[in-house]
2 protein chains.
Amino acid sequence: MRINGQHFETIWTDRNNKEKIKIIDQQKLPFKFEIKTLTTFDEAYNAIKEMTVRGAPLIGVTAAFGVYLAMLGKVNNEKLADFISLTCSKMKTARPTAVNLAWAVNYLESELQGVKSVVEARILSFNIAVKLKELEIEYSNAIGEHGLQLIEEISKQKKGTPVNILTHCNAGWLACIDWGTATAPVYKAHQKGIGVHVWVDETRPRNQGSKLTAYELAQEGVPHTVIPDNTGSHLMQHGMVDLVLVGSDRTTRTGDVCNKIGTYLKALAARDNNIPFYVALPSSSIDFKLSDGIKEIPIEQRDGDEVRFALGKEGKTQLVPSDSPVANYGFDVTPARLVSGLITERGICEANEEAIKKMFGK
Amino acid sequence: MRINGQHFETIWTDRNNKEKIKIIDQQKLPFKFEIKTLTTFDEAYNAIKEMTVRGAPLIGVTAAFGVYLAMLGKVNNEKLADFISLTCSKMKTARPTAVNLAWAVNYLESELQGVKSVVEARILSFNIAVKLKELEIEYSNAIGEHGLQLIEEISKQKKGTPVNILTHCNAGWLACIDWGTATAPVYKAHQKGIGVHVWVDETRPRNQGSKLTAYELAQEGVPHTVIPDNTGSHLMQHGMVDLVLVGSDRTTRTGDVCNKIGTYLKALAARDNNIPFYVALPSSSIDFKLSDGIKEIPIEQRDGDEVRFALGKEGKTQLVPSDSPVANYGFDVTPARLVSGLITERGICEANEEAIKKMFGK
């Protein structure tokens with residue numbers, strides 16, 4: 001999508017040197033637009049860990065490029081197999097919740113099985129990382145087309161008055177490579193001239209809504225309004241929301257949806273007000289091994305300073321007395337029963353084991 | 001309750017000069033403790049409007065003292081009746097949602113009916129303001145005793161392991177005169193040696209939870225943890241909340257509860273996880289004229305800058321891009337069906353018309 005009118009993806013290879021991987025520094029947005037260069041495994045690992053890049057699909061692709069960067073380092077053909085295995089294991093520890101990270105790294109690792117030389121490993125890992133990137137773009141694009149139908153339908157019912165969509169956190173193109181997951185249908189609708197307006201949850205404590213989603217919607221000219229996370233249910237109660245659209249960091253084969261902390265609250269509010277609650281996600285976010293999201297998905301606990309301080313344009317400011325403890329859970333799990341449907345690259349399906357199995361044949 | 005070990009109420013008369021009303025500047029807490037002096041109607045009006053004082057019961061009492069301060073100004077006996085009427089009407093416009101404001105002012109106005117001289121009006125309005133203040137302390141104290149029983153019961157069921165209570169916004173002593181509403185049972189339990197731990201919602205956009213509730217709990221030595229507003233439902237899902245206790249700015253005679261924006265979300269989460277959701281409120285917060293809270297209670301919309309910026313110890317910092325619109329609804333309404341009970345000064349009753357009528361005989 002566009003930044004200041006120019007097309008960008010969230011990760012790309014330097015035009016003149018494919019050993020340099022470029023990313024947008026998402027910690028600096030929306031007040032500064034800065035491009036960073038990754039040249040080593042550690043730089044890629046830390047970019048994920050410190051959330052310079054974030055969002056489940058983008059984390060997966062960055063991890064793949066990170067493994068590729070590791071292959072460019074000092075390693076000989078004899079120790080290659082062990083090195084690949086160690087590198088992949090390490091990369092998967094960068095963040096615990098989004099399954100795309102493990103999915104991308106496992107896929108890359110399996111493709112590297114039996115590779116005999118470092119040169120071959122370099123070429124293959126680069127090609128796979130690029131392929132995973134292209135795949136995520138394809139997925140987002142397809143999610144956009146499928147989700148567009150939902151918006152078109154509501155728009156018809158509302159006789160063309162703007163469709164009000166509430167979203168939480170950033171499941172936008174900045175979380176992916178392009179288009180986004182939850183935002184993809186919104187961008188498609190907007191480009192088609194269908195009236196949309198997005199309620200953007202600010203998404204404390206890191207404010208990915210007010211900082212990233214608002215920014216990317218503004219850059220694309222999509223009408224939107226930023227609201228505190230407390231506000232959504234009030235809007236729903238007063239008929240001001242037609243559709244809730246969120247992303248997912250990991251969804252079980254039974255349809256339980258792990259996403260940014262606070263998502264479950266919005267699902268409850270949507271149910272209480274008979275508003276459709278859809279989750280947009282590529283199949284790389286589905287963990288086919290898990291059946292009980294609440295019990296089985298590890299929830300990242302992050303540094304309490306994210307809660308204790310607000311970080312904005314002018315810097316940090318303290319919000320909590322120094323002697324009061326804080327807790328900072330990164331994600332929560334919305335039970336499948338509250339999910340109206342999953343918008344995937346293959347189409348829209350119900351959030352249950354049978355429907356997911358039918359759609360993905362697993 | 002205590003600040004730095006010394007007992008305070010939220011509003012009091014200067015020991016040597018009862019024409020000076022003292023308040024704690026709640027905009028400066030928790031990082032600065034400052035006492036302000038009100039000597040005119042305008043100062044009292046602005047203290048309410050700008051939230052130097054806040055919280056439904058405290059707003060009511062401050063309004064009464066504000067009307068008293070008006071009586072100290074230039075007015076003659078001939079124009080007194082009109083002056084009282086105008087003053088009271090003006091005061092009621094300071095903030096729209098909390099009904100205690102109108103309740104206190106209407107009560108004072110009715111008591112001033114038929115007063116013949118300015119001198120008499122001064123004496124009477126002062127006495128009524130003091131009486132309303134004493135009444136709110138009595139109410140909070142009684143709410144504390146009634147609510148204590150709920151906590152004691154859960155504590156017994158948990159065999160003395162700490163009772164985890166979630167609260168939203170500040171319904172503490174800082175919102176009242178002393179004890180608080182939602183916090184009154186907590187303080188009573190803590191003083192009785194019953195183990196309690198409070199999950200404090202930070203309560204964006206003004207952070208009354210992290211700034212005021214955390215502060216007053218810390219000052220009283222009550223164990224607590226500050227969490228983003230997004231977190232409560234995750235904690236409930238994992239058995240980490242035993243009871244939700246909130247206050248109310250206005251409750252209808254049918255039991256619909258208007259409180260700080262975001263309360264409704266927590267009520268939904270409590271219901272979904274079978275956790276009791278109680279509202280602690282003095283009868284001065286009940287609007288006996290209203291039957292449908294969602295349709296009838298006016299919801300204050302506040303300055304968008306409260307959302308656009310975070311205001312902390314080091315000052316303001318911008319969180320939302322300058323070209324993104326924001327919305328800032330101050331309150332929401334939790335339907336009576338989600339409320340386990342109302343803890344009032346007369347006891348605990350169900351949140352429905354019959355039970356409220358039975359308790360208050362109206």
Side-chain angles (χ1 to χ4, degrees), chain A residues 30-31 168 199-205 207 210-211 214-215 217-218 223-235 237-238 260-266 268-269 271-272 294 299 307-321 323-329 331-333, chain B residues 30-31 168 199-205 207 210-211 214-215 217-218 223-235 237-238 260-266 268-269 271-272 294 299 307-321 323-329 331-333:
Chain A
F31 303 111
H168 189 69
W199 296 107
V200 180
D201 274 359
E202 66 169 345
T203 319
R204 278 280 290 156
N207 287 66
S210 58
K211 288 184 180 171
Y215 175 77
L217 291 172
H224 65 283
T225 306
V226 176
I227 49 173
D229 302 308
N230 287 320
T231 311
S233 54
H234 173 72
L235 300 175
Q237 202 179 44
H238 288 269
K260 182 62 51 202
I261 190 91
T263 303
Y264 170 31
L265 284 166
K266 296 304 140 62
L268 287 166
R271 175 57 52 96
D272 201 49
I294 295 162
I299 300 297
V307 179
R308 193 174 296 285
F309 298 89
L311 180 62
K313 189 177 179 183
E314 293 78 9
K316 263 185 176 181
T317 193
Q318 189 175 343
L319 301 174
V320 180
D323 46 359
S324 289
V326 297
N328 186 12
Y329 295 87
F331 303 89
D332 66 19
V333 175
Chain B
F31 302 112
H168 189 69
W199 295 107
V200 179
D201 274 358
E202 66 168 345
T203 320
R204 277 282 290 157
N207 286 67
S210 57
K211 288 184 179 169
Y215 175 77
L217 290 173
H224 65 283
T225 306
V226 175
I227 49 173
D229 302 308
N230 287 320
T231 312
S233 54
H234 172 72
L235 300 175
Q237 202 179 42
H238 289 268
K260 182 61 52 202
I261 191 90
T263 303
Y264 170 31
L265 283 167
K266 295 303 139 64
L268 287 166
R271 175 58 51 95
D272 201 48
I294 295 163
I299 300 298
V307 179
R308 193 174 296 284
F309 298 90
L311 181 62
K313 187 177 181 183
E314 293 78 9
K316 262 185 177 181
T317 192
Q318 188 174 342
L319 300 174
V320 180
D323 45 0
S324 289
V326 296
N328 186 13
Y329 295 87
F331 304 88
D332 66 20
V333 175

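Fair warning: this is a prediction, and the values are worked out from it, not measured in the lab. Order of the sequence lines fixes the chain letters, A, B, ..., with proteins taken first and strands second; residue numbering starts at 1 for each chain.
- A side-chain donor-acceptor contact under 3.5 Å links B:Glu314 to the backbone of A:Gln318.
- Taking OG1 from A:Thr317 and CZ from B:Phe309, the interatomic distance works out to 12.5 Å, rounded to the nearest 0.5 Å.
- Of the two parts of A:Ile299, only the side chain, counted from C-beta on, holds a non-hydrogen atom closer than 4.5 Å to a non-hydrogen atom of chain B.
- Across all their heavy atoms, A:Gln237 and B:Ile294 have their closest contact at NE2-CD1, 3.3 Å.
- At a 4.5 Å heavy-atom cutoff, the contact between B:Asn207 and chain A is made by side-chain atoms alone.
- Counting heavy atoms from C-beta outward, B:Val333 and A:His234 have side chains that stay 4.5 Å or more apart.
- Qualifying side chain to side chain contact (heavy atoms under 4.5 Å, CB included) partners for B:Leu235, counting only residues two or more places apart in sequence or in other chains: A:Tyr329, B:Trp199, B:Ile227, B:Thr231, B:Met240, B:Val241.
- Heavy-atom pairs under 4.5 Å with chain B peak, among A:Asp332, A:Val200, A:Asp201, A:Val320, at A:Val320.
- Taking A:Pro321 as the reference, A:Asp323, A:Ser324, B:Pro30, B:Ala214, B:Tyr215 meet the side chain to side chain contact (heavy atoms under 4.5 Å, CB included) condition, with sequence neighbours excluded.
- Note on A:Pro205, A:Gly315, A:Gly232, A:Pro325: by heavy-atom pairs under 4.5 Å with chain B, the leading option is A:Pro325.
- When each of B:Thr263, B:Ile261, B:Thr203 is checked for heavy-atom pairs under 4.5 Å with chain A, B:Ile261 comes out on top.
- Using a 4.5 Å cut-off between heavy atoms, B:Lys316 touches chain A through its backbone atoms (N, CA, C, O) alone.
- Residues B:Val226 and A:Arg308 fail the side-chain proximity criterion, which asks for heavy atoms closer than 4.5 Å.
- Considering all non-hydrogen atoms of both residues, B:Leu265 and A:Ala269 come closest at CD2-CB, 3.8 Å.
- Chosen from B:Lys211, B:Glu202, B:Lys260, the residue pairing most often with chain A at heavy-atom distances under 4.5 Å is B:Glu202.
- The candidate with the highest count of non-hydrogen atom pairs below 4.5 Å against chain A, out of B:Pro228, B:Ala218, B:Ala310, is B:Pro228.
- Of the listed residues B:Leu217, B:Asn328, B:Asp272, B:Leu311, the one with more heavy-atom pairs under 4.5 angstrom with chain A than any other is B:Asp272.
- Of the listed residues (B:Pro223, B:Gly262, B:Ser233), the one with the most heavy-atom contacts under 4.5 Å to chain A is B:Ser233.
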